[in-house]
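Side chains are part of it too, since the values below use all heavy atoms of this structure and drop only hydrogens, waters and symmetry mates. Every chain is numbered from 1, with letters handed out A, B, ... down the list of sequences.
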There are 2 protein chains.
Amino acid sequence: MKKAVSTLREVASEAGVSIAAVSKVLHGRGESVRVSSSKASEIRLVAKRLNYVPNVLARSLRTSRTHTIGLVFENFGAISDGPQFYVELLDGVAQELFARHYRLTILSEVDSEHPAADLADGRLDGVIWCKMPTDPHFVERFANVGLPCVALHARRIDSSPGVFYVRCDNRGGSHLVVDHLKKLGHERILFVMEQRETETPDALERRDGFIEACRAQGLTVDPEQDIVVWTRDADEFADWWDLRPPHTALYGWNERVAAGVLARAKELHVNVPKDLSVIGFDSTVFCESTLPPLTAVRQPIRQMASHATRLLLDLINGHVSSQTEQSFASTLDVRQSTAIVPSYRGKTSKQRL
Amino acid sequence: MKKAVSTLREVASEAGVSIAAVSKVLHGRGESVRVSSSKASEIRLVAKRLNYVPNVLARSLRTSRTHTIGLVFENFGAISDGPQFYVELLDGVAQELFARHYRLTILSEVDSEHPAADLADGRLDGVIWCKMPTDPHFVERFANVGLPCVALHARRIDSSPGVFYVRCDNRGGSHLVVDHLKKLGHERILFVMEQRETETPDALERRDGFIEACRAQGLTVDPEQDIVVWTRDADEFADWWDLRPPHTALYGWNERVAAGVLARAKELHVNVPKDLSVIGFDSTVFCESTLPPLTAVRQPIRQMASHATRLLLDLINGHVSSQTEQSFASTLDVRQSTAIVPSYRGKTSKQRL
DNA sequence: ATAATGTGATTAAACCTTTTATCTTATATG
DNA sequence: CATATAAGATAAAAGGTTTAATCACATTAT
């Protein structure tokens, strides 16, 4: 059986020239190596005939560039767990990377005691973190390895030298939600967080933004009554609804709880959006297929992912940016789960007179 | 600033021993290198102090093992495009790999003229293909590189030496569908394929299995009338429904078209499952959140992915299997989109007497 | 006393590439 | 004609690891 691929040395000896000459012709920018054009074409011929493929390991060893970046997930399993969000993030990074002929390797649950062993072993030119760990001890250890790094969709940590942040404006998103609902006449809104995610920075920022926005709009908001923590299946919806709460709209901190609410509401024959407007955060294709389609805040996650990737590549290539954080504005995808409050509809028609 | 990591050489000189000794103590199985236990512990100490991290590039160059496998997608973009299926596949592979301390790199659209350049450049120990290309020219070129390879969820190609196949039983899946519907009293079923996927082997096998199963069950089936090609949004549904077709059930070749049908049906106030039973292929979390939840054939995709991964790892480690194809049985997740045919309900109650 | 065995340790080759330094010969310039 | 420059080409080091080969010495067996 023919050998799969051959090396520079083999091509060189077959063509009767030096290794340097072959390297130069096939890839090189080496200044002082010069090859006549006749030999060059001969070399190219031989290389093709011998099925030469450069060994990237050797090259990387020499150049200390691997053209590979690592995408680190806190827990990669989460990707198949529901939120389409991470899928789009992954895809956004991948597309940008592939377009620039970089490779992508996926890491999960990096050993926080020895991040160097996972990350500084030579195979990566840089890393993108989704939800970078917040443990300061870890951050410091990681910073020590000096690998170019962009944190995507992660809370900013004070002492994180050399880390660049690409985030979405969670507070702004909450403002969009409240403004939208206010326009539809809603006066009292329930904010729903999720059991296992009460510590998530994004959840907290959305909550804070929510309170802020209600106040800015002059709406009543009482953290005790208007913010609840439910399971991801929103099983608590029925109990809450039974209490005949004053709220006419419900804002779920992510698309998952909002969808859960939709499902529970359906079961109880609560008509969304007639009886209750529902709105979520993270507008993905998933929101289009709920019934009714879910009005939701859109993080420009693809754009964020592209940006983070380009930023990292720039970093790797020595273009250091002075801006260590970039925040992307969110927008609102209005679908069919939000509507005018019935009582308000009357009012507006009177007001129109 | 302290250097991030150090090398064997540095540790060796600091500890006053040879490089070989350090290598042996820290990783080695080298027979003829021997180190006294006192020196060994000294070396370990120094290594920790100097923050030694083995350079995997150098190691791989030497050993020609990278402990990295490539997962090749025909078009990675498809992953965010809808079918949760690929996400679960990816996750299945990743989990299995991570558990065995292998790394995962993702490839997309490998250059079919020069697969060697993408795949045999030294960085991969093996590859898993999702939907391996069927171009025989390419398959041959790829086989030439001699990289261990498992095709996951791909049609078998006759001349593909050295390729192992892990597939799901599409035909069997169609049998499950038809049997289920038959039991519910359906006599005439429509099979819906998708515009851009009419050539997809899976689609064809499901179609063939459908015809086969109908005949086995003694149901009328006419390829002209009972098999249609629609867009992924099932926009043709309305036209079809207007014709008052004889079908009481509809079988979509994947979960996407089936979901599309559900949406269109909703718009037309066609009651699923009362007026029409709908069933799909690929039962993912996505199917749970449609309204009504979609009855669908489940490919054990995680299991398949795990199996494919283990198989590849075995191949890499020289355990050659003699079985070149393994087919996984599918099962049926019965949800709420299928029900007894109204006319049949009458019959059964009579029959029960 | 000599040979055989075992222990502790080192040297150096090999993996394959990139790239600087060096060398030779030919051509152009003064 | 002498010298500077350019072109054509090679040798060799470096990058960090693994590992076979070798060596020195001490201990044990013959």
Side-chain angles (χ1 to χ4, degrees), chain A residues 3-43 46-47 50-68 116-117 120-125, chain B residues 3-43 46-47 50-68 116-117 120-125:
Chain A
K3 235 187 91 188
V5 295
S6 49
T7 68
L8 275 188
R9 183 207 305 275
E10 288 161 343
V11 174
S13 90
E14 178 79 7
V17 295
S18 72
I19 293 181
V22 181
S23 177
K24 164 74 183 188
V25 169
L26 263 27
H27 333 284
R29 312 169 315 291
E31 271 312 303
S32 53
V33 177
R34 289 199 161 95
V35 186
S36 66
S37 61
S38 68
K39 283 212 169 165
S41 47
E42 162 74 0
I43 286 172
V46 174
L50 260 47
N51 193 22
Y52 170 74
V53 174
N55 182 313
V56 292
L57 255 32
R59 173 182 292 166
S60 295
L61 179 60
R62 182 63 228 268
T63 61
S64 49
R65 279 303 194 79
T66 62
H67 285 257
T68 300
D121 57 9
R123 27 183 164 200
L124 299 179
D125 282 352
Chain B
K3 235 188 91 191
V5 295
S6 49
T7 69
L8 275 188
R9 184 206 305 275
E10 287 161 344
V11 173
S13 90
E14 178 80 7
V17 296
S18 72
I19 293 180
V22 181
S23 176
K24 164 73 183 187
V25 169
L26 262 28
H27 333 284
R29 311 169 316 293
E31 271 313 301
S32 53
V33 177
R34 288 196 161 101
V35 186
S36 66
S37 61
S38 68
K39 284 214 168 162
S41 47
E42 162 74 0
I43 286 171
V46 174
L50 260 48
N51 193 21
Y52 169 73
V53 174
N55 182 314
V56 293
L57 255 33
R59 174 181 293 168
S60 294
L61 179 59
R62 182 62 227 268
T63 62
S64 48
R65 280 302 194 81
T66 62
H67 285 256
T68 301
D121 57 10
R123 25 184 165 199
L124 300 179
D125 282 351

Rounded distance (Å) that lies between atom P of C/dT7 and atom NZ of B/Lys24: 12 Å
Partners passing side-chain contact (heavy atoms from CB on, under 4.5 Å) against A/Thr63 (at least two apart in sequence or in another chain): A/Arg59, A/Arg65
Any pair counted as ring pair (Phe, Tyr, Trp, His ring centres under 6.0 Å), so long as it reaches residues 6-35 of chain B, sequence neighbours left out: B/His27-B/Tyr52
Distance in angstrom units between A/His67 NE2 and C/dT17 P, rounded: 16 Å
Selection residues 13-22 of chain A - residue pairs positive for salt bridge (Lys or Arg N to Asp or Glu O under 4.0 Å), sequence neighbours left out: A/Glu14-A/Arg49
Please tabulate, for side-chain N and O atoms in residues 16-25 of chain A, each donor-acceptor pair with protein atoms closer than 3.5 Å (sequence neighbours left out).
from    : atom 1 : to      : atom 2 : distance (Å)
A/Ser18 : OG     : A/Ala21 : N      : 3.1
A/Lys24 : NZ     : A/Gly30 : O      : 3.2

Euclidean distance, atom NE2 of residue B/His27 to atom P of D/dG16 [Å, nearest integer]: 13 Å
Nearest-angstrom distance from the residue atom CG of A/Leu50 to P of C/dC16: 14 Å
Backbone N/O of A/Ser60 and side chain of A/Thr66: donor-acceptor pair under 3.5 Å: no
Atom pair distance, as rounded to whole Å: CG in A/Leu26 and P in C/dT19: 14 Å
Listed partners of A/Ala120 passing side-chain contact (heavy atoms from CB on, under 4.5 Å), at least two apart: A/Ala116, A/Val145, B/Val5
Salt bridge (Lys or Arg N to Asp or Glu O under 4.0 Å) involving A/Asp125 - partner list, sequence neighbours excluded: none
Atom pairs under 3.5 Å, N or O on each side, protein against nucleotides 9-12 of chain D: can you list them with distances?
from   : atom 1 : to      : atom 2 : distance (Å)
D/dA9  : OP1    : A/Lys39 : NZ     : 3.4
D/dA9  : OP2    : A/Ser36 : N      : 2.7
D/dA9  : OP2    : A/Ser36 : OG     : 2.9
D/dA9  : N7     : A/Arg34 : N      : 3.3
D/dA9  : N6     : A/Ser32 : O      : 2.4
D/dT10 : OP2    : A/Ser18 : N      : 3.0
D/dT10 : OP2    : A/Ser18 : OG     : 3.0

Whole-Å gap separating C1' (D/dT17) and CD1 (B/Ile43): 15 Å
Non-neighbouring partners of A/Glu42 that pass salt bridge (Lys or Arg N to Asp or Glu O under 4.0 Å), sequence neighbours left out: none
Check: protein-nucleotides 13-15 of chain D nitrogen or oxygen pairs below 3.5 Å:
from   : atom 1 : to      : atom 2 : distance (Å)
D/dG15 : N2     : A/Ala58 : O      : 3.4

Interatomic distance where CD belongs to A/Glu10 and P belongs to C/dA14 [whole Å]: 14 Å
